[in-house]
Amino acid sequence: MKLVESSALTRKLSAFVALSEADLETLARFHHRRRTFPAGHTMMHEGQSNASAFILAEGWACSYKMLPDGGRQVINFQIPGDFLGLRSILFRSSDLSLEALTDIEASEVFAPDILGAFARAPRLATAVLWASSRDEAMMVEHLVNLGRRSAVERMAHLLLELGARLNLVGVGDRTGFSCPLTQYHLADALGLSAIHVNRVLRQLREDGLVTFQKGRVVFNDLTRLQSLAGFDTAYMDHEGPLLR
């Protein structure tokens with residue numbers, strides 16, 4: 001029980017639903033099949049059928065789609081506590097690919113695990129539905145990022161969102177967070193070139209807003225950075241459990 005009580009997934013789900021002992025016991029069954037993957041490993045291919053889903057325990061991953069010209073669009077970055085490929089066990093085939101960005105540890109789950117848990121613990125099902133809905137809300141913000149925000153605003157918004165997500169699961173705090181992403185990862189996520197990403201990060205640093213160096217993001221002026229990005233955490237729904 002201690003493993004589950006302290007897990008990133010439990011901390012995230014508890015932000016919406018106060019989990020009972022029965023919920024925690026059901027959640028514990030998700031962690032029976034632990035697997036490790038090295039950085040760079042493709043965990044799932046777009047179009048793959050009968051794929052597993054995973055719960056990320058340690059490390060970072062990303063979901064992405066490849067374009068016919070070889071370009072890549074990163075859909076989202078996954079951090080501890082996130083489901084990886086949840087739709088892949090509900091759809092007939094995976095609609096995206098998943099890559100481990102660092103060495104990761106994850107729990108493998110199959111469709112019967114999820115469906116059985118929902119039948120036994122409806123409150124837990126509600127919490128997972130909330131987590132999925134929050135992911136959809138983040139995708140809306142990412143669409144606004146790509147379509148309407150400037151390059152500087154895109155970068156600021158993404159770093160603030162990552163910071164808020166990591167803070168929720170106890171990995172980062174309001175001052176910043178450790179970040180393994182390269183300029184190429186950021187470029188693929190924000191629709192920019194790596195050279196443009198470098199310029200944007202330099203501008204944010206010179207403006208005294210945020211510094212991203214040696215694998216760490218430091219928020220130098222959080223209030224001004226939030227104002228620049230138009231960042232409002234309401235879409236992430238981190239204000240505490242609504243279902244007690």
Side-chain angles (χ1 to χ4, degrees), residues 39-42 46 56 59-80 82 96-104 135-169 171-236 238:
H41 180 78
T42 300
E46 183 178 353
L56 189 56
W60 289 51
C62 76
S63 51
Y64 65 93
K65 294 182 76 75
M66 294 299 299
L67 304 177
D69 64 1
R72 182 173 79 159
Q73 177 64 52
V74 168
I75 305 302
N76 203 5
F77 297 110
Q78 281 76 36
I79 61 170
D82 286 347
L96 44 73
S97 299
L98 289 168
E99 178 186 338
L101 298 181
T102 66
D103 293 345
I104 68 172
D135 289 346
E136 182 179 352
M138 289 194 297
M139 292 304 100
V140 172
E141 285 296 324
H142 296 176
L143 180 61
V144 175
N145 247 5
L146 292 172
R148 290 299 178 182
R149 292 188 177 112
S150 69
V152 172
E153 291 166 347
R154 291 181 210 179
M155 181 67 72
H157 199 281
L158 175 62
L159 295 179
L160 286 165
E161 181 182 272
L162 286 170
R165 292 171 61 194
L166 289 161
N167 190 24
L168 179 68
V169 297
V171 180
D173 57 40
R174 288 177 60 84
T175 66
F177 55 93
S178 295
C179 183
L181 303 180
T182 68
Q183 292 182 4
Y184 293 100
H185 295 141
L186 294 170
D188 287 347
L190 298 175
L192 305 171
S193 68
I195 293 175
H196 200 172
V197 165
N198 183 273
R199 291 172 181 163
V200 168
L201 289 173
R202 183 172 65 247
Q203 179 179 338
L204 289 169
R205 182 177 67 251
E206 292 175 350
D207 289 344
L209 297 174
V210 62
T211 303
F212 185 5
Q213 291 179 328
K214 298 180 179 179
R216 182 160 184 85
V217 173
V218 176
F219 297 131
N220 304 120
D221 192 327
L222 187 60
T223 300
R224 280 205 299 137
L225 188 66
Q226 290 172 331
S227 178
L228 169 68
F231 184 73
D232 183 347
T233 59
Y235 74 96
M236 304 182 76
H238 286 183

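Heads up: numbering here begins at 1 and tracks the sequence.
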Tell me, with the steps shown, if Val217 and Val210 meet side chain to side chain contact (heavy atoms under 4.5 Å, CB included).
CA-CA 7 Å; Val217 173; Val210 62; 3.7 Å; yes
Passes side chain to side chain contact (heavy atoms under 4.5 Å, CB included), Leu204 versus Leu228? Steps please.
CA-CA 10 Å; Leu204 289 169; Leu228 169 68; 3.8 Å; yes
Side chain to side chain contact (heavy atoms under 4.5 Å, CB included) between Ile79 and Val171: does it pass, once the steps are laid out?
CA-CA 9 Å; Ile79 61 170; Val171 180; over 6 Å; no
What do the steps show when you test Asp82 against Arg165 for salt bridge (charged side-chain N to carboxylate O under 4.0 Å, His left out), and what is the final call?
CA-CA 10 Å; Asp82 286 347; Arg165 292 171 61 194; 2.6 Å; yes
Derivation of the side chain to side chain contact (heavy atoms under 4.5 Å, CB included) call for Gln203 and Met155
CA-CA 11 Å; Gln203 179 179 338; Met155 181 67 72; over 6 Å; no
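The closest side-chain heavy-atom distance from His185 to Cys179 is not below 4.5 Å. The shortest side-chain heavy-atom distance between Leu186 and His196 does not fall under the 4.5 Å cut-off.
Formation of a donor-acceptor pair under 3.5 Å by the Thr233 side chain with backbone atoms of Met236 is not found in this model. Side-chain atoms of Arg174 do not come within 3.5 Å of backbone N or O of Leu222 as any donor-acceptor pair. Although no hydrogens or angles enter the test, the distance criterion places a donor-acceptor pair under 3.5 Å between the side chain of Arg154 and the main chain of Asn145. Using a distance-only test at 3.5 Å, with no hydrogens or angles considered, a donor-acceptor pair links the side chain of Gln73 to the main chain of Ala189. The main-chain N or O of Arg205 is never found under 3.5 Å from a side-chain atom of Thr211 such that the two would form a donor-acceptor pair.
In terms of heavy-atom proximity, Gly59 sits nearest to Pro80 at O-CD, 3.3 Å. Among all heavy-atom pairs drawn from Asp221 and Gly208, the shortest one is CB-O, 3.6 Å. Looking at every heavy atom in both residues, Asp103 comes nearest to Ala39 through OD1-N, 2.9 Å. Minimum heavy-atom separation, Ala194 to Ala187: N-CB, 3.8 Å. Smallest separation of non-hydrogen atoms from Gln78 and Leu56: O-CD2, 3.5 Å.
Atom CZ of Arg199 sits in a sparse spot, with 12 or fewer heavy atoms from other residues, nucleotides or ligands closer than 6.0 Å. Summarising the local packing, CG of Leu67 is surrounded by more than 12 heavy atoms from other residues, nucleotides or ligands at distances under 6.0 Å. The environment of Gln213 atom CD is dense: over 12 non-hydrogen atoms of other residues, nucleotides or ligands sit within 6.0 angstrom.
The aromatic rings of Trp60 and Phe77 sit tilted relative to each other, their planes meeting at an angle between 30° and 60°. Between His157 and Tyr235, the ring-plane angle classifies as parallel under the 30° and 60° cut-offs.
Note that CG of Asn76 is 9.5 Å distant from SG of Cys62, once rounded to the nearest 0.5 Å. Once rounded to the nearest 0.5 Å, the distance linking CG of Leu225 with CG of Asp207 reads 10.5 Å. Rounding to the nearest 0.5 Å gives a distance of 5.0 Å between CG of Leu160 and CZ of Phe219. Considering CD of Glu99 and CD1 of Ile104, their distance stands at 10.0 Å, rounded to 0.5 Å. A distance of 4.0 Å separates OG1 in Thr42 from OH in Tyr64, rounded to the nearest 0.5 Å. Remark: Asp232 CG to Glu141 CD distance equals 8.5 Å, nearest 0.5 Å.
Shown are Asp188, Leu101, Leu181; of these, the side-chain contact (heavy atoms from CB on, under 4.5 Å) with Val74 is made only by Asp188.
Remark: Glu161 engages no residue in a salt bridge (Lys or Arg N to Asp or Glu O under 4.0 Å) (not counting sequence neighbours).
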